[in-house]
Amino acid sequence: MFRRFATRPLTRNLASPSNTRGVKVLAILYRGGEAAKQESRLLGTVENELGLRSWLESQGHEFIVSDSKEGPDSDLQKHITDAEIVITTPFHPGYITRDLISKAKNLKACVTAGVGSDHVDLNAAVEREIQVLEVTGSNVTSVAEHVVMSILLLVRNFVPAHEMIERGDWTVSDVARNAYDLEGKVVGTIGAGRIGYRVLERLLPFGTKEHLYYDYAPLPADAEKAVNARRVEDLKELVSQCDIVTVNCPLHEGTKGLINAEVLKHFKKGAWLVNTARGAICDKDAVAEALRTGHLRGYAGDVWNVQPAPRDHVWRTMKNPLGGGNGMVPHYSGTTLDAQARYAKGTREILENYFSGRPQKPADVIVGLGKYETKAYGQR
Ligand code: NAD
């Protein structure tokens, strides 16, 4: 893997704890239920608390953990008023809005146990000098594998074929009429950072025809060559050349609704689209309509514009005209048990650095004190 991200200087603008003991830490995590009681490696759950409780309490800190995050009576709204650190995961994000930040008088750091900090109003965090930290890289392999799997299940029309078997039917032609090979296809990634690049690396052995990428940060020439990638500077031009498009950029002002009805018109008829980045990068209704008409042959991913997704969210049930093309799952590609071990460990390291006043790893700092430290959340 080519490392074009590791060159930033160590950040010295550290947030420092109000006290060495007695810091209030609030974590908003997903409820794991029976599964979390049976499987202690489900660390990202309310039940298993990222493995942090005994350590935090032994240091004299207060640790509040909840999944309650919506509305004025939620634990998020109640406790953010005096918490110094808020930890949340992208899988069950506590949305730290500008309004909440204005009420969070003691807040000094928002920590993402995982990758992707768009659930925090980053501009408001910059203004209030609240650090936003994440465990960069912790689940990028997990997501890249999921992207490759999603591409394959769409291209090979896997889901309807499996559903047919479960129903007790056996009509090969009904599924084979919309099944293809990945070999020889043109694949484009929107965002060629840690995940996008890993996706291209993993696709090479399939004998894909060409890899394209759209990213304002060009890859070094040798990195491009290593994954057979060519940069395309115009998004519509990129999508018009691809059989498969995969979205791997962060959600920010420049990417919200990036894949909308107008851009979808420029996709090849019958293209497949995979989005494991963030739901709001794609226009919900425009995608559903493109799939319904067959302009898109398939859409897959694990991210939704609101999480948890409402029961009637159109992406749960949308289909192409041949009754397939839907590879949607709940947000879990980056929360495999392997990934949870990594992001729980990384969260603890971030907290240790915070409490001891040591600098954070530069790549983990999204917002430092009063400024963006990453170039991945838009050109500014
Ligand atoms: P990264 O910072 O390594 O790479 C992001 C790339 O996107 C950068 O190269 C950046 O220049 C590029 N980019 C930013 N804005 C762009 C734009 N407008 N157009 C094109 N490219 C743009 O991040 P990463 O580790 O690869 O993660 C990418 C995103 O994937 C995260 O921000 C997160 O939203 C998502 N993610 C999802 C899961 C999951 O479980 N589904 C897990 C991890 C990350």
Side-chain angles (χ1 to χ4, degrees), residues 1-6 8 30 44 89-93 112-120 122 132 134-147 149-150 188-201 212-220 223-224 229 231-239 245-260 263 274-282 300-305 307 309 327-336 338-340 342-343 346 362-366 372-380:
M1 175 67 190
F2 290 81
R3 307 211 171 271
R4 61 179 166 152
F5 301 94
R8 240 178 290 141
Y30 58 92
T89 73
F91 315 104
H92 182 77
T112 304
V115 173
S117 295
D118 50 277
H119 53 273
V120 181
L122 298 176
V132 181
E134 67 180 39
V135 192
T136 294
S138 56
N139 54 17
V140 294
T141 298
S142 323
V143 179
E145 287 184 5
H146 193 99
V147 173
M149 176 189 77
S150 301
T189 177
I190 299 175
R194 293 174 182 84
I195 296 173
Y197 194 82
R198 279 172 174 75
V199 170
L200 301 185
E201 283 182 316
L212 309 179
Y213 74 100
Y214 172 78
D215 193 320
Y216 52 73
L219 289 164
E224 280 187 354
R231 181 163 171 246
V232 178
E233 287 189 46
D234 182 82
L235 179 61
K236 289 175 182 164
E237 234 180 76
L238 174 116
V239 299
V245 175
T246 155
V247 185
N248 298 296
C249 59
L251 173 63
H252 55 76
E253 302 96 321
T255 58
K256 192 167 184 198
L258 187 68
I259 308 294
N260 52 32
V263 171
V274 172
N275 174 17
T276 55
R278 285 294 177 261
I281 296 173
C282 294
D302 66 330
V303 286
W304 306 72
N305 58 345
Q307 294 188 178
M328 290 306 294
V329 292
H331 192 169
Y332 86 110
S333 71
T335 191
T336 59
D338 299 303
Q340 293 189 54
R342 290 190 295 266
Y343 68 65
D364 287 355
V365 186
I366 302 303
Y372 280 86
E373 292 286 351
T374 176
K375 292 191 167 58
Y377 281 78
Q379 291 171 295
R380 58 193 93 234

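Because the structure is a prediction, the values reported are computed rather than measured. As the structure lists them, so they are numbered: ligands from 1, and atoms in each ligand from 1. Position 1 is the first residue of the sequence, and the numbers go up from there.
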Please confirm whether [X] comes within less than 3.5 Å of ligand 1 when only nitrogen or oxygen atoms on both sides are compared.
X      : answer
Asp118 : no
Asp302 : yes
Thr276 : yes
Val303 : no

With heavy atoms under 4.0 Å as the rule, classify the contact between [X] and ligand 1 as side chain, backbone, both or neither.
X      : result
Ile195 : both
Asp215 : both
Thr374 : neither
Tyr332 : neither
Val115 : both
Arg194 : both

### Query
Just checking, is any N or O donor in the side chain of Tyr343 or Thr335 under 3.5 Å from an acceptor N or O on the other one?
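On atom types as modelled, these side chains qualify, holding a pair under 3.5 Å.
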
### Query
Applying a strict 4.0 Å limit to heavy atoms, is His252 in contact with ligand 1?
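Within the 4.0 Å threshold, so yes.
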
### Residue-ligand contact Tyr197/ligand 1, heavy atom below 4.0 Å
no

